[in-house]
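Right, one structure below, let's go through it.
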Amino acid sequence: MMKPVVMLASALTLSMSLYAAEHVINQKDKAFAPGTMKVKVGDKIIFKNNDGFAHNAFSDNEANEFDIGMQKPGQDVSIEMKKPGKVEVECAIHPNMHMTIEVVE
Ligand SMILES: [Cu+2]
């Protein structure tokens, strides 16, 4: 039998996942598409690599710092946006790749 605390925690997780949206960012021809995106806290961003070579998307912004690392062609990587703020996304391999995600409450 589950303890009440555990039941509450799983109910919260369930309700959060019901509201969390998923957004796709494509990496194609050494560019992020779309170039800007507005999402809510808790939403997931799925980075797709549609190129024939690796990418390495990352952000240094304090609010949602992340580093995907080497992402091979055809791989999907999911990142959760945990705090509100501006997220400037760059690629460590291709300096010209750049996009912005605005995370709101
Ligand atoms: Cu790249």
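In each ligand, atom 1 is the first atom listed, and ligand 1 is the first ligand listed. FYI, side chains are in, hydrogens and waters are out, and symmetry mates aren't considered; it's all heavy atoms of this structure.
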- Between Ser78 and Lys44, which heavy-atom pair has the shortest distance, and what is it?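 The answer is OG-CD, 3.4 Å.
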Solution key, residues 95-105 side-chain donor-acceptor pairs under 3.5 Å, sequence neighbours excluded:
| from | atom 1 | to | atom 2 | distance (Å) |
| --- | --- | --- | --- | --- |
| His98 | NE2 | Glu88 | OE1 | 3.4 |

- Any donor and acceptor pair, going by atom type alone, linking the side chain of Gln71 with main-chain N or O of Phe47 inside 3.5 Å?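 Confirmed, Gln71 side chain pairs with Phe47 backbone.
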- Message: When you measure from the side chain of Gln27 to the backbone of Lys48, do you find a donor-acceptor pair of N or O atoms at a distance under 3.5 Å?
- Response: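 Yes.
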- Just how far is it from atom CE of Met81 to atom CD1 of Ile45, taken to the nearest 0.5 Å?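 If we round to the nearest 0.5 Å, Met81:CE and Ile45:CD1 are 5.0 Å apart.
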- Going hydrophobic residue to hydrophobic residue with side-chain gaps under 4.5 angstrom, can you get from Met37 over to Val41?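 Met37 and Val41: one cluster.
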- Query: Near the Cu ion (ligand 1), which protein N/O/S atoms are found at less than 2.8 Å?
  - Reply: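 For the Cu ion (ligand 1), the protein N, O and S atoms that sit under 2.8 Å away are His55 ND1, Cys91 SG, His94 ND1, Met97 SD.
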